[in-house]
Novice: 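The structure is given below, and queries will be raised subsequently.
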Amino acid sequence: MRHARRRVVRRGTQLAAVGGLLLGGAMVTTAMASETPGTSAVPFSSGSATEAGNTGAALVAKLGTARTAGSWIGADGKPVVAVTDAQAAAMVKQAGAEPKMVSHSMNELKAATATLKAAPRVAGTAWVVDYKTNRVMVEADSTVSASDWSDLSRVAAGIGGFVQMQRSEGTFTTRLNAAQPILSTGGRCSAGFNVTNGTTDFILTAGHCGPANTIWFDDSQGNQQLGTTINTQFPGNDFSLIQYASGKAGDNPDVVAIGNGQGVRITGAADPTVGQKVFRSGSTSGLHDGTVTALNATVNYPEGTVTGLIQTNVCAEPGDSGGPLFSNGIALGVTSGGSGDCTTGGVTFFQPVTRAMAALNVQLIVTKQAAAGAQSAAPAPSASANHSAIAPSAASPGSTAPVTGDDTSLVARLTDTRNVGPGLLVIGGSLIALVATRYIRSEQDRKAYQRYYSATWG
């Protein structure tokens, strides 16, 4: 625990999210002072349109789920499509993609996951469709009892041999952490991306970070209210919307900080592809990379079931919840939860940003130049336009931008190593009580919410 706390202080103070502030360990977004003159934030729509025949996703849509079983990016950057018959394979090859013959269609794989979902819910389990192996992978963490494991194994056996069971040593949890300094009643989280409805700006983050009316602050004493959670969906989904108290995100709302005074400009949003190299930034563990291993994952957290998640092998730790997932400057998801840590590795799940923005009726904020450049070709960057032509090994976070300037706000004070040390942990021990006393409407509500998330607090 001591080692983990030292790592949090060292890494967590280096990072902010999109135009972000690190607030006592919580990632919330606001102004940066490094905006290029002449730029301003404008709404930018999410999109997942692809040019027919150019990507695996387009081929899957064309051929249908009865003849295909997903697509992914190969080591050479070309799309690979799983197909169930020779005619479909020929069409895939003709379109310039690589076909792979499989035994089970997507319809069969989805029917298997539907059967698993209909079975009695077991917290600590997750399942995904593994496109590459044409199987449904069911995983149970260390909290699952032998009895529940046996029951779930019988369900899997009844479906068929293409459903494979495996156990893991970690624990599937959302990435909250109340053992570190926080500035809200929801726990220590990281902001994802700045979004807007055209008149008001918001922070898009994880839903489990806090219920509606959770208050966030932008100073270590809890004197200045940054914003309030106005919409949240969890479980089921895992996203929430924090409305800025000022109504605006401030300067450089399109920058994801990645440490060492550097950031990545976000130019659009898209849906990821299996096999794609991705990057995650968070207030606890910093910047890490990995690959997308599955889509539409279902995770049975202790608090409830979340579906439609992106599964990756990128590591994450408590406090990284809500942080951004991106690749080549394209927003992909916000951190939901997972198992393991950034020392031993693990699996991490993400809420897709396109799905969240569509449900919340908001748009990603990017600079005018980025929007103009992207919109000249299409309404929004697509997965194919930005990813399928890039070999996974060649992917990068995106174009860098400085995260420096004369900002004297909390982000400047906290990222100054002279102001960060063990004393911050001491302050954190009393911070929850301070914020609760001054700002929480009801002591009873506070206690009820803390009990609700007690299973995930470190």
Side-chain angles (χ1 to χ4, degrees), residues 17-20 29 41-51 54-58 71-73 77 79 191-196 204-205 239 252-258 262-282 287-293 295 309-312 314 322-335 348 350-358 362-401:
V18 183
T29 56
V42 296
F44 192 76
S45 300
S46 64
S48 58
T50 58
E51 296 181 11
N54 289 341
T55 67
S71 65
W72 61 92
I73 298 175
F193 301 96
N194 278 323
V195 296
T196 183
L204 178 65
T205 189
F239 56 78
N252 283 27
D254 62 328
V255 175
V256 172
I258 58 175
Q262 292 296 308
V264 170
R265 291 201 179 279
I266 301 300
T267 61
D271 296 317
T273 303
V274 173
Q276 177 183 335
K277 185 176 182 179
V278 291
F279 300 82
R280 177 199 57 74
S281 185
L287 180 70
H288 290 273
D289 67 284
T291 58
V292 175
T293 55
L295 303 175
L309 297 176
I310 303 163
Q311 178 179 289
T312 75
V314 185
L325 178 75
F326 51 95
S327 182
N328 295 300
I330 303 300
L332 301 173
V334 293
T335 306
T348 304
F350 298 84
Q351 167 71 53
V353 294
T354 54
R355 179 173 170 179
M357 290 193 297
V362 293
Q363 301 168 315
L364 192 69
I365 299 178
V366 298
T367 58
K368 286 181 178 179
Q369 288 92 328
Q375 289 174 338
S376 64
S382 66
S384 61
N386 291 282
H387 306 305
S388 64
I390 302 174
S393 60
S396 68
S399 61
T400 58

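Note that the numbering runs from 1 along the sequence shown for the chain.
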Novice: Do you know the tightest heavy-atom contact between Val353 and Ala269?
Specialist: CG2-CB, 4.1 Å
Novice: Are the side chain of Asn328 and the backbone N or O of Ala395 linked by a donor-acceptor pair below 3.5 Å?
Specialist: no
Novice: Do Leu364 and Met357 pass the side-chain contact (heavy atoms from CB on, under 4.5 Å) test, and can you show the C-alpha distance, the side-chain angles, and the key distance before you say yes or no?
Specialist: CA-CA 8 Å; Leu364 192 69; Met357 290 193 297; 4.0 Å; yes
Novice: With distance as the sole test, does Thr312 use its side chain to make a donor-acceptor pair with the main-chain N or O of Val314 at under 3.5 Å?
Specialist: yes
Novice: Could you check whether any side-chain N or O of Thr354 sits under 3.5 Å from a backbone N or O of Ala270, counting only pairs where one atom can act as donor and the other as acceptor?
Specialist: no
Novice: Side chains of Ile266 and Phe193, heavy atoms from C-beta outward: is any pair under 4.5 Å?
Specialist: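 Result yes, sub-4.5 Å side-chain heavy-atom pair found.
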Novice: Between Thr205 and Phe239, is there a side-chain heavy-atom distance shorter than 4.5 Å?
Specialist: no
Novice: Measuring from atom CG of Asn194 to atom CG of Leu204, what distance do you get when rounded to the nearest 0.5 angstrom?
Specialist: 9.5 Å
Novice: Calculate, to the nearest 0.5 Å, the distance between atoms OG1 and CG belonging to Thr348 and Leu309 respectively.
Specialist: 11.5 Å
Novice: For Ser71 and Gly56, work out which heavy atoms get closest and say how close.
Specialist: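 Looking at all heavy atoms of both residues, the closest pair is OG-C, 3.5 Å.
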Novice: Compare all side-chain heavy atoms of Val195 with those of Gln363 and state whether any distance is below 4.5 angstrom.
Specialist: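 The answer is no; the side chains never approach within 4.5 Å.
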Novice: With no hydrogens and no angle check, is any side-chain donor or acceptor of Asp254 less than 3.5 Å from a backbone partner on Ile365?
Specialist: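 No; zero donor-acceptor contacts below 3.5 Å.
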Novice: With heavy-atom distances below 4.5 Å as the criterion, would you say the side chains of Leu332 and Gln276 are in contact?
Specialist: yes
Novice: How about Lys277 and Asp289: do any of their side-chain heavy atoms sit closer than 4.5 Å?
Specialist: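 Sidechains of Asp289 and Lys277: in contact.
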Novice: So do the side chains of Ser281 and Phe326 get within less than 4.5 Å of each other, counting heavy atoms only?
Specialist: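 Side chain of Ser281 against side chain of Phe326, heavy atoms only: contact under 4.5 Å found.
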Novice: Pick from Val334, Val278, Thr335: which one makes a side-chain contact (heavy atoms from CB on, under 4.5 Å) with Phe350?
Specialist: Thr335
Novice: Side-chain contact, heavy-atom cut-off 4.5 Å: Val274 with Thr293?
Specialist: no
Novice: Taking C-beta and beyond as the side chain, do Gln311 and Val292 meet within less than 4.5 Å on heavy atoms?
Specialist: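 When only atoms from C-beta onward are counted, Val292 and Gln311 do not touch, as no gap falls below 4.5 Å.
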